[in-house]
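Along the sequence shown, residues carry numbers from 1. Keep in mind it's a predicted model, so treat the numbers as computed, not measured.
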Amino acid sequence: QVQLVESGGGLVQAGGSLRLSCAVSGRTFSGLHMGWFRQAPGKEREFVAAIRWSGGSTLYADSVKGRFTISRDNAKNTVYLQMNSLKPEDTAVYFCTARYGLGLTSQPSVYGYWGQGTQVTVSS
């Protein structure tokens, strides 16, 4: 089993920054591809970013490209999401996810492990 615990959410003004963290435990971090999804009230869960277990490649949703950066520290079993130039439409619950397997994907159905989520609210 893999356990994921997110932290770092909060309230920020538009144009501000936040860094989310996701601590991973339970199984080896090596080999785990990590991702972030978000879900706003009344909307479906949407892909934000993903990173290969080696950190060698990343994938971003068009809506966050150039503003968000996903990274990981395999020595700390932690993945991060640095969010800059935040907009009110970024307001959502952000979920950390993990999967074993080949390649990066934006499809939520193939991620087998999910955290409980952390709220990010961006005020205008």
Side-chain angles (χ1 to χ4, degrees):
Q1 278 289 11
V2 174
Q3 290 82 43
L4 309 175
V5 179
E6 303 98 334
S7 61
L11 173 64
V12 64
Q13 288 189 332
S17 299
L18 281 175
R19 188 176 81 155
L20 305 183
S21 299
C22 175
V24 182
S25 62
R27 285 186 66 178
T28 177
F29 197 46
S30 177
L32 266 179
H33 305 312
M34 303 297 299
W36 289 95
F37 285 74
R38 66 187 182 186
Q39 188 166 20
K43 295 188 176 181
E44 292 188 354
R45 193 167 295 189
E46 67 170 345
F47 171 76
V48 176
I51 187 167
R52 283 184 64 85
W53 71 269
S54 64
S57 66
T58 56
L59 181 67
Y60 293 95
D62 288 342
S63 59
V64 306
K65 205 171 291 184
R67 300 188 298 122
F68 291 12
T69 302
I70 188 171
S71 62
R72 63 192 292 159
D73 186 337
N74 286 353
K76 296 182 178 180
N77 287 6
T78 302
V79 64
Y80 305 98
L81 185 68
Q82 178 67 45
M83 306 185 294
N84 298 328
S85 302
L86 282 161
K87 305 175 181 179
E89 51 264 43
D90 294 318
T91 295
V93 177
Y94 283 70
F95 297 91
C96 178
T97 65
R99 64 181 288 262
Y100 292 101
L102 298 177
L104 297 179
T105 179
S106 62
Q107 299 303 311
S109 60
V110 300
Y111 285 87
Y113 306 100
W114 293 82
Q116 293 299 307
T118 185
Q119 176 71 46
V120 171
T121 303
V122 184
S123 63
S124 57

Can you see which heavy atom on [X] is nearest to which on [Y], and at what distance?
| X | Y | result |
| --- | --- | --- |
| Ile70 | Met34 | CD1-O, 4.1 Å |
| Leu32 | Ala98 | CD2-CB, 3.8 Å |
| Ala40 | Ala92 | N-CB, 3.8 Å |
| Gly26 | Gln3 | CA-OE1, 3.5 Å |
| Ile51 | Ser71 | CD1-CA, 3.8 Å |
| Ala50 | Leu104 | O-CD1, 4.1 Å |

For this session: Decide, yes or no, whether a salt bridge links Asp62 with Lys65 under the criterion of side-chain N to carboxylate O below 4.0 Å.
Result: yes
Hey, are the side chains of [X] and [Y] touching, using non-hydrogen atoms and a 4.5 Å cut-off?
| X | Y | result |
| --- | --- | --- |
| Phe95 | Leu4 | no |
| Leu20 | Glu6 | no |
| Arg38 | Asp90 | yes |
| Thr91 | Gln119 | yes |

Distance, nearest 0.5 Å, that separates [atom1] of [X] from [atom2] of [Y]:
| X | Y | atom1 | atom2 | result |
| --- | --- | --- | --- | --- |
| Arg72 | Ser21 | CZ | OG | 13.5 Å |
| Glu44 | Gln39 | CD | CD | 8.5 Å |
| Lys87 | Ser124 | NZ | OG | 14.0 Å |

Exercise. With distance as the sole criterion, is a donor-acceptor pair present between the side chains of Tyr111 and Arg99 under 3.5 Å?
Worked result: no
same_hphob_cluster([X], [Y]) at 4.5 Å side-chain heavy-atom cutoff:
| X | Y | result |
| --- | --- | --- |
| Leu18 | Val48 | yes |
| Leu59 | Leu81 | no |
| Leu11 | Val93 | no |
| Leu86 | Trp36 | yes |
| Tyr60 | Phe47 | no |

Given 3.5 Å as the limit, does a donor-acceptor pair link the side chain of [X] with the main chain of [Y], or not?
| X | Y | result |
| --- | --- | --- |
| Asn74 | Trp53 | yes |
| His33 | Tyr100 | no |
| Gln116 | Val5 | no |
| Arg67 | Ser85 | yes |
| Thr97 | Gly35 | yes |
| Thr118 | Tyr94 | no |

For this session: Describe, in one word, how the ring planes of Trp114 and Phe37 are oriented to each other, choosing from parallel (under 30°), tilted (30 to 60°) and perpendicular (over 60°).
Result: tilted
